[in-house]
Amino acid sequence: MTTISADLVKELRERTGAGMMDCKRALQETDGDIDEAIRLLREKGMASAAKRAEHATNEGKVATRTDERRGAIVAVACETEPVSKNDEFVGFVNRLLDAVGRDGADAAARLEQERLELAGRLGENIVIRGADSLEAHEDEVVAEYVHRPAEKIGVLVVMRGTPELARMTAMHISFADPRYLSRDEVPQADVEREREIYEKLPDVVAKPEEVRPRIVEGMLAKRFFAETVLLDQPWIHDTALTVGKALVEHGADVRRFLRLSVAG
């Protein structure tokens, strides 16, 4: 096998933007012929991949799939809307969804080479924003929701309740974008940071000292928790209720959820 110098690998990387190991393998396969190595990398879709990686990816597609006990969700981003509708791009999204549905989130790493080759053929940066799955236990249901027609946001939810209520909850999560399921999941450091901000607000400082803690706790509930915690958010299907109260009325509760967006 031809010995490949570090300088030759560096030159190929600078000329193509491909990864270091990909450059080295291409040079080994072409016996150190840099022009042939460039052609090989282009054929494999890896040339300029690193340079394209700097391009904004605000388009793409979120796809979901559910059966009685399991759901899978993937989000793949690209640069332009036409590419998001391209048959090759959609085919890649579906193959990724198949793999994740079958083998879980780790399956996405096995499609990395295909992602690079697709980016090369389509001439755009292609990014897997997320890929994961959820499994429901015997007393739970799994539901999905993809916001159409754009298909840029999708949700999986596992909960105890009816399939219809689960889908309504998934729709809510898509719209309201909660970061946590319950207050117990919120890092205490984040709560304290918000509390310190509210304590220094002019409207709070102007109040008598003995009532300030109660005012601050009210702000935490109405501003911070109501924005970031699913169970504290106003239920989009009836804003007179929180999600938590709406679920209690139906004897239901959310166990787990995933929300993915092509925007990251």
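Here the structure is a predicted model, which is why all the values come from computation and not from measurement.
Atom CG of Leu134 is separated from atom CD1 of Ile73 by 8.5 Å, given to the nearest 0.5 angstrom. To the nearest 0.5 Å, atoms OG (Ser84) and CD (Glu151) are separated by 8.5 Å. To the nearest 0.5 Å, the span separating CD on Glu11 from SG on Cys23 amounts to 10.5 Å. Atom CD1 in Ile34 sits 11.5 Å away from atom CD in Glu36 (nearest 0.5 Å). The CG atom of Leu111 sits 6.5 Å away from the CD1 atom of Ile128 when rounded to the nearest 0.5 Å. Interatomic distance, CD1 of Ile4 versus CG of Leu27, reported as 5.0 Å (0.5 Å rounding).
Between Tyr145 and His147, the ring planes lie tilted relative to each other; the angle falls in the 30° to 60° range.
Within the structure, side chain to side chain donor-acceptor pair (under 3.5 Å) contacts touching residues 94-106 (residues at least two apart or in different chains) are Arg65-Asp98, Arg95-Glu114, Asp103-Arg110. Pairs of residues two or more places apart, or lying in two chains, that qualify as side chain to side chain donor-acceptor pair (under 3.5 Å) and include a residue from residues 251-264 are Glu140-Arg255, Glu140-Arg256, Arg160-Asp253, Asp177-Arg259, Asp253-Arg255.
Phe89 and Val100 end up in the same hydrophobic cluster when Ile, Leu, Val, Met, Phe, Trp and Tyr side chains are linked at under 4.5 Å. Each of Leu8 and Met21 belongs to its own hydrophobic cluster when Ile, Leu, Val, Met, Phe, Trp and Tyr are linked at side-chain heavy-atom distances under 4.5 angstrom. Hydrophobic clustering keeps Met159 apart from Leu258 (ILVMFWY residues linked when any side-chain heavy atoms are closer than 4.5 Å, directly or through intermediates). Grouping the Ile, Leu, Val, Met, Phe, Trp and Tyr side chains by contacts below 4.5 angstrom, directly or via other members, places Phe175 apart from Phe225. Ile173 and Val229 sit in two unconnected hydrophobic clusters of ILVMFWY residues. Membership requires side-chain heavy atoms under 4.5 Å apart, directly or through other members.
Considering Val262, Val74, Ile153 as possible partners of Val62, the one that fulfils the side-chain contact (heavy atoms from CB on, under 4.5 Å) test is Val262.
Contact check for Glu194 versus Met219: no side-chain heavy atoms found under the 4.5 Å cut-off. You'll find the side chain of Phe92 stays beyond 4.5 Å of the side chain of Asn86, heavy atoms only. Counting only heavy atoms from C-beta outward, the side chains of Leu118 and Glu88 approach each other to under 4.5 Å. Asp190 is listed as a side-chain neighbour of Tyr180, based on a closest heavy-atom distance under 4.5 Å. In this structure the side chain of Leu230 reaches within 4.5 angstrom of the side chain of Leu181, judged on heavy atoms. Side-chain contact between Arg183 and Asp232: present, with at least one pair of heavy atoms (C-beta onward) separated by less than 4.5 Å. Residues Leu12 and Ile38 have side chains in contact (heavy-atom distance under 4.5 Å, counting atoms from C-beta outward). Contact check for Leu231 versus Leu247: side-chain heavy atoms found under the 4.5 Å cut-off.
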Take Leu156 and Glu144, measure what side-chain contact (heavy atoms from CB on, under 4.5 Å) needs, and give me the verdict at the end.
-> CA-CA 5 Å; Leu156 283 182; Glu144 58 82 29; 3.8 Å; yes
Start with the C-alpha distance between Arg223 and Glu227, add both sets of side-chain angles, then the distance that settles salt bridge (charged side-chain N to carboxylate O under 4.0 Å, His left out), and finish with yes or no.
-> CA-CA 6 Å; Arg223 299 185 187 182; Glu227 179 179 340; over 6 Å; no
In sequence, state the C-alpha distance, the side-chain angles, and the governing distance for Val9 and Met20, and then conclude on side-chain contact (heavy atoms from CB on, under 4.5 Å).
-> CA-CA 7 Å; Val9 174; Met20 191 72 74; 3.2 Å; yes
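In terms of heavy atoms, Ala105 sits closest to Asp132 at CB-OD1, 3.7 Å. Minimum interatomic distance between Val155 and Thr64 (heavy atoms only, all atoms of both residues): O-CG2, 4.3 Å. The two residues Leu260 and Ala131 make their nearest non-hydrogen contact at CD1-N, 4.1 Å. Considering all non-hydrogen atoms of both residues, Ala143 and Thr66 come closest at C-CG2, 4.3 Å.
Side chain of Arg115 to main chain of Ile126: a donor-acceptor pair is present (N/O by atom type, distance under 3.5 Å, no hydrogens or angles). Within the 3.5 Å criterion, the main-chain N or O of Thr80 finds a donor-acceptor partner in the side chain of Glu124. No donor-acceptor pair closer than 3.5 Å links the side chain of Arg69 to the backbone N or O of Glu135. With Thr169 contributing its side chain and Leu165 its backbone, the two residues share a donor-acceptor pair below 3.5 Å. Under the 3.5 Å distance criterion, the side-chain polar atoms of His172 are left unmatched by any main-chain donor or acceptor of Met168.
Classification of Glu196 and Lys200 as a salt-bridged pair fails, no side-chain N sitting under 4.0 Å from a carboxylate O. Salt bridge absent: Arg212 and Glu209 never bring a charged side-chain N and a carboxylate O closer than 4.0 Å. Checked for salt-bridge contact, Arg25 and Asp22 meet the test: a charged N lies under 4.0 Å from a carboxylate O. Salt bridge status for Glu164 with Arg167: absent, with no side-chain N to carboxylate O gap under 4.0 Å.
The number of heavy atoms from other shown groups lying within 6.0 Å of NE2 (His237) is above 12. Open room surrounds CG on Asp87; 12 or fewer heavy atoms of other groups in view lie less than 6.0 Å from it.
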